[in-house]
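Notes to accompany the following structure.
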There are 2 protein chains.
Amino acid sequence: MPDKKDCCCNSKNHKMEKFLEASLLLLLKRQCAHGYGLIEQLELLGFSSEDMNVSTLYRTLRKMEEKGQVKSYWKAGGGGPKKRVYDITDQGLKDLEEWRKIFEYRKERIETFLEMYEKQCEYEEVL
Amino acid sequence: MPDKKDCCCNSKNHKMEKFLEASLLLLLKRQCAHGYGLIEQLELLGFSSEDMNVSTLYRTLRKMEEKGQVKSYWKAGGGGPKKRVYDITDQGLKDLEEWRKIFEYRKERIETFLEMYEKQCEYEEVL
DNA sequence: GCAACTATGTGTAGCATGCATATAGTTTGC
DNA sequence: GCAAACTATATGCATGCTACACATAGTTGC
């Protein structure tokens with residue numbers, strides 16, 4: 001990851017549109033979980049606990065429920081305050097598959113960008 | 001590119017944060033150009049002329065000039081109305097290099113996502 | 001009893017983008 | 001000579017994602 005200090009582009013520019021939503025769908029496909037517990041798991045997908053924005057996480061989950069991608073229920077016991085546990089729905093599984101396609105496409109475009117950049121640098125070196 | 005029809009995620013979700021800005025910097029590193037002329041060149045980086053949002057393009061270029069990434073001057077002649085031609089600046093070149101790093105990073109994260117998705121699907125098939 | 005931790009939520013603002021619309025000079029066809 | 005099409009640039013408004021700050025409340029440890 002590029003150093004955020006001395007970077008023209010501040011940390012806000014590192015965000016990737018909707019990557020959080022898609023990541024949550026993927027984690028919930030593996031197993032149901034509650035918001036706070038998902039923070040740890042998100043590290044598997046490159047989100048750092050320090051930078052992790054908890055309010056965004058909760059808001060995203062509620063929006064995903066509005067859209068019918070996940071459903072939630074309250075669960076008490078097991079230590080600590082009660083948790084709102086999320087399950088993925090059929091709609092969520094379909095949407096996750098769409099995200100997979102979108103990310104394949106984004107990856108290709110990024111690769112095209114990187115290749116053009118490299119070629120241009122090589123070309124300039126020859127001059 | 002995934003089919004936009006029948007997609008849970010509408011076309012708006014295909015956009016990639018700041019990809020246009022970075023693409024413009026890359027194209028202007030190759031050679032100076034005016035806004036309208038950049039539309040064609042953007043196809044090299046996966047932007048389709050039909051979908052291309054011209055207003056966003058012009059607004060982005062003006063913002064980039066405010067940030068000192070590019071500078072512009074008016075050029076008459078050569079047929080058609082006069083053009084505002086953009087040149088990349090030293091700041092723009094530095095920022096482009098930062099974008100390269102950011103996109104390498106984004107690519108890695110997308111790859112992590114895709115790998116986890118595939119593994120999960122394989123795992124479920126075995127069951 | 002109080003601090004630290006777990007857990008969930010809202011209010012507000014910034015910022016990138018899309019859609020619609022405005023403006024105006026240039027070229028082409030009749 | 002004039003209308004239509006094309007080239008070219010720009011702004012107003014709405015939407016949507018994210019960040020930052022703040023609010024709330026139950027649980028555990030000392």
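Chain naming here is simple, since letters A, B, ... match the order of the sequence lines and numbering starts at 1 in each.
Regarding contacts with the backbone of D:dA10, a side-chain N or O of B:Arg62 is found under 4.0 angstrom from either OP1 or OP2. Between A:Tyr58 and C:dT8 there is a side-chain polar atom (N or O) within less than 4.0 angstrom of OP1 or OP2. Considering only side-chain N and O atoms, A:Arg84 lies under 4.0 angstrom from the phosphate OP1 or OP2 of C:dG9. Between B:Ser55 and D:dA10, a side-chain N or O to OP1/OP2 separation shorter than 4.0 Å is absent.
Residues A:Thr112 and B:Leu44 approach most closely at CG2-O, 3.5 Å, considering heavy atoms.
Note: NZ (B:Lys83) to P (C:dG25) measures 15 Å, nearest angstrom. Taking atom NE2 of B:His34 as the reference point, atom P of D:dT7 lies 10 Å away to the nearest angstrom. Rounded to an integer number of Å, the gap from B:Asn53 CG to D:dA14 C1' is 13 Å. Regarding B:Leu61, its CG atom lies at a distance of 13 Å from the P atom of D:dT11, rounded to whole Å. The CG-C1' distance, from B:Leu38 to D:dT7, rounds to 14 Å in whole Å. Nucleotide D:dA8 holds its C1' atom 11 Å from the OH atom of B:Tyr86, rounded to whole Å. Going from atom CD of B:Glu66 over to atom C1' of D:dT11 covers 13 Å, rounded to whole Å. A:Lys18 places its NZ atom 18 Å from the P atom of C:dA16, with the value rounded to the nearest Å.
Looking at A:Glu104 and A:Lys101, no side-chain N of the basic residue comes within less than 4.0 Å of a carboxylate O on the acidic one, giving no salt bridge.
Both tests pass for A:Arg109 against the ring of B:Phe47: distance under 6.0 Å to the centre and angle within 45° of the axis.
Residue-to-nucleotide proximity on DNA chain D shows that, of A:Lys63 and B:Val54, the 5′-proximal contact is made by B:Val54.
Taking the six-membered ring where tryptophan is involved, the planes of B:Phe19 and A:Phe113 are tilted, since the angle between them lies from 30° to 60°.
Comparing D:dA8, C:dT8, D:dG26 by their nearest atom to the side chain of A:Pro81 picks out D:dG26. For A:Arg59, the side-chain atoms get nearest to D:dC20 when compared with the rest of D:dC20, C:dA7, D:dT9.
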Please test A:Trp99 against A:Lys18 for side-chain contact (heavy atoms from CB on, under 4.5 Å), starting from the C-alpha separation and ending with a verdict.
CA-CA 9 Å; A:Trp99 279 120; A:Lys18 292 280 216 163; 3.3 Å; yes
